[in-house]
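What's counted below: heavy atoms across the whole structure, side chains too, no hydrogens, waters or symmetry copies. All ligand and atom numbering here is 1-based and tracks the order in the structure. Here the structure is a predicted model, which means the values were calculated and not measured.
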Amino acid sequence: MQLSKDFLWGGATADFQCEGGYDEGGRGLTTHDYETDGNQENPRGITYRMPDGTIGKARSSFFFADPLPEGAVPCFLDGEYYPSLKAVDHYHHWREDLELLAGMGMNVYRFSICWSRVFPTGFEDEPNEAGLAFYEGIIDYCIELGMQPLVTIHHDELPVVLAEKLDGWSSRETIEHYLRYCKALFERFGGKVKYWLTFNEINAVRGYASCGTHNSDNNTHYNAVHNMFLGSARAVKLGHEMMPGSMFGTMYAFSAFYPATCKPEDVFAQMQKRRQSFYYIDTMARGHYPAFAQEMWREKGVELRWEEGDEETLAAGPLDFVSISYYRSNTICVGHPRAKEVMGGDGNPYLPNTPWGWPIDPLGLRYVLNELADRYEKPAFVVENGMGAIDEADENGYVEDDYRIEYLRDHFKCMMQAILEDGVNCFGYTMWGPFDLVSLSTGEMAKRYGFIYVDMDDKGNGTLRRTKKKSYDWMKHVIETQGACLWEE
Ligand code: BGP
């Protein structure tokens, strides 16, 4: 069992989880800057001030975001820690970080561009040259080191000024600003970047941090996402016109869902649960809403603000490939409180969990890759996968991360079986967080994914020294042998 030489192996990051440098190079604030740290017990929050001066914090953990109260303005509060401001200081370590990745033999690097580094408020007519130059440095160095850049245009964040003035993706006007941003990227990086992702985890975004909306109710959410669909379709069309040969995807958080029992009602509930998230990628991959959307809007009390021409816009920019994150699987049963919501479900008694309670299910990756291939008949790319674990580094910064090796080995084998035995056209894999970075859901550093250890704790203390973990050399060998070594272990 061996993958072809042109299979793309790499790592994936997001700007606000690794860059830092929030006030350098003319960067404007981005919505995640206002997110505090947290942990498994205490959710992250967006801190805000009310017109009468009172302060508060709204839970911001991704899909489970709470609304900001009417009149609340996000702000920084004394005594709180905001991990994105410094993150792991990739802004000053990017050369070293890229060299370490290339040292493993990686031939692709997925990273996101911070919108507010390029358009600090989101409203400027012209891009910020220092922002473009920063990313050009990364792209050029990737190419020099033999890694294709894979760019996420919008990784769950907006310039704060734009979020405040327009209520983020609630407004149709945001689409125009997004397209001006896309155009600036295509103009500058066309010819150097072939693979683009218009949005990250489109089925998991909700609320202020990821959509820039103060509300997070269904009506706000589904209308905001409708605007994102339109923005994506127009970006794909524009990208194809400006950069012939370019390939566009959107990242879809693809947890497997299993019926909790073989009771027909549970199996049916599982199908309905799957549709909650297929809704997003069905629309973007096929260029039109699925038939079940009507009933979903009715059930959720959504009044979709259609405008003339929307149908044609969606149809004109379907995705070229489908990219997924895969971390875990869940089970669902009829009557489950989250049976009709995109995220949430129960664990699985047949599977072990990570320390963060995420079920470890390698076969689930093979399952979802097949599901994806059957449903869309488009090339697939696994752009996130990995294991958040507690790493104990010795005095030299070395970590014996056998648990990570085991997790990845089992997932790689299932991915290879999907490709080589089931015939799935999956052309790449980028592991999440190849060097340790800030966790999105909890804001911790303690939840580490990397092949490379970064000496920093949950509050930003540490030398920021980068050291190779045991998994680094293991991964290098996997890439060298195109996965063949996995079958000899
Ligand atoms: C995805 C996001 C990433 C990322 C990853 C791991 O949802 O696209 O930004 O962080 O999940 O999640 P976490 O950091 O919460 O462990």
Side-chain angles (χ1 to χ4, degrees), residues 10-19 30-33 35-45 59-65 83-84 87-88 90 109-115 150-158 197-207 209-211 228 249-256 277 280-281 323-330 342-344 353-360 365 368 381-391 404 407-408 411 429-450 454 456 458:
T13 63
D15 60 275
F16 62 88
Q17 292 172 262
C18 69
E19 274 178 20
T30 188
T31 47
H32 278 285
D33 290 342
E35 226 183 354
T36 64
D37 60 340
N39 52 45
Q40 288 202 74
E41 288 75 43
N42 306 300
R44 307 185 74 180
R59 184 174 66 150
S60 69
S61 289
F62 216 24
F63 193 81
F64 303 100
S84 288
V88 293
H90 179 65
Y109 173 52
R110 173 186 172 216
F111 63 97
S112 72
I113 292 189
C114 177
W115 187 347
L150 162 61
V151 171
T152 314
I153 299 171
H154 185 290
H155 194 117
D156 316 334
E157 61 172 351
L158 293 87
L197 303 179
T198 54
F199 288 94
N200 182 64
E201 291 200 334
I202 187 72
N203 55 318
V205 293
R206 189 181 278 240
S210 53
C211 293
M228 292 164 113
T250 276
M251 202 269 253
Y252 168 44
F254 203 9
S255 302
S277 60
Y280 300 80
I281 206 73
S323 65
I324 59 166
S325 66
Y326 175 81
Y327 290 94
R328 60 182 291 172
S329 61
N330 306 276
V342 183
M343 308 298 270
N353 291 329
T354 70
W356 274 263
W358 293 15
I360 301 175
L365 177 58
V368 297
F381 197 149
V382 180
V383 296
E384 281 186 34
N385 169 243
M387 181 189 191
I390 298 166
D391 289 340
R404 181 168 291 109
Y407 176 102
L408 293 174
H411 282 76
Y429 173 98
T430 52
M431 193 201 72
W432 175 254
F435 48 90
D436 294 339
L437 38 68
V438 175
S439 157
L440 174 73
S441 56
T442 68
E444 295 167 287
M445 273 305 291
K447 190 179 187 187
R448 295 172 182 271
Y449 284 86
V454 176
M456 196 180 116
D458 289 344

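Contact atoms of ligand 1 toward Trp358: 12 (O), 16 (O) (distance under 4.0 Å to a heavy atom of the residue). Within the listing of ligand 1, atoms 13 (P), 15 (O), 16 (O) sit less than 4.0 angstrom from a heavy atom of Lys447. Those atoms of ligand 1 that come under 4.0 Å of a heavy atom in Tyr327, given as number and element, are 5 (C), 6 (C), 11 (O).
Where the criterion is an N or O separation shorter than 3.5 Å, residue side chain and backbone included, Ser439 meets it with respect to ligand 1. Considering backbone and side-chain atoms alike, Asp156 places every N or O at 3.5 Å or more from each N or O of ligand 1. For Leu440, a nitrogen or oxygen atom sits less than 3.5 Å from a nitrogen or oxygen atom of ligand 1, counting backbone and side chain alike.
In this structure the side chain of Ile390 never reaches within 4.5 angstrom of the side chain of Arg448, judged on heavy atoms.
One option in Arg448, Glu384, Glu444, Gln17 has a heavy atom closer to atom 11 (O) of ligand 1 than any other, and that option is Glu384.
Neither the backbone nor the side chain of Phe16 has any atom closer than 4.0 Å to an atom of ligand 1 (non-hydrogen atoms only). With a heavy-atom cut-off of 4.0 Å, Asn200 touches ligand 1 through its side chain alone. The proximity of Tyr449 to ligand 1, defined as any non-hydrogen pair under 4.0 Å, is limited to the side chain.
In this model, a donor atom of one side chain and an acceptor atom of the other lie less than 3.5 Å apart for Thr30 and Glu157. Ser329 and Ser255 share no donor-acceptor pair across their side chains, judged by distance under 3.5 Å alone.
Considering Tyr327, Tyr407, Tyr449, Tyr326 as possible partners of Asn385, the one that fulfils the side chain to side chain donor-acceptor pair (under 3.5 Å) test is Tyr407.
Arg44 places a side-chain N or O within 3.5 Å of a backbone atom of Thr36 that can act as its donor or acceptor partner. Checked by atom type and distance alone, the side chain of Asn42 never pairs as donor or acceptor with a backbone atom of Asn39 at under 3.5 Å.
In this structure, Lys447 forms no cation-pi arrangement with Trp432, as its terminal cationic atom is not both closer than 6.0 Å to the ring centre and no more than 45° off the ring axis.
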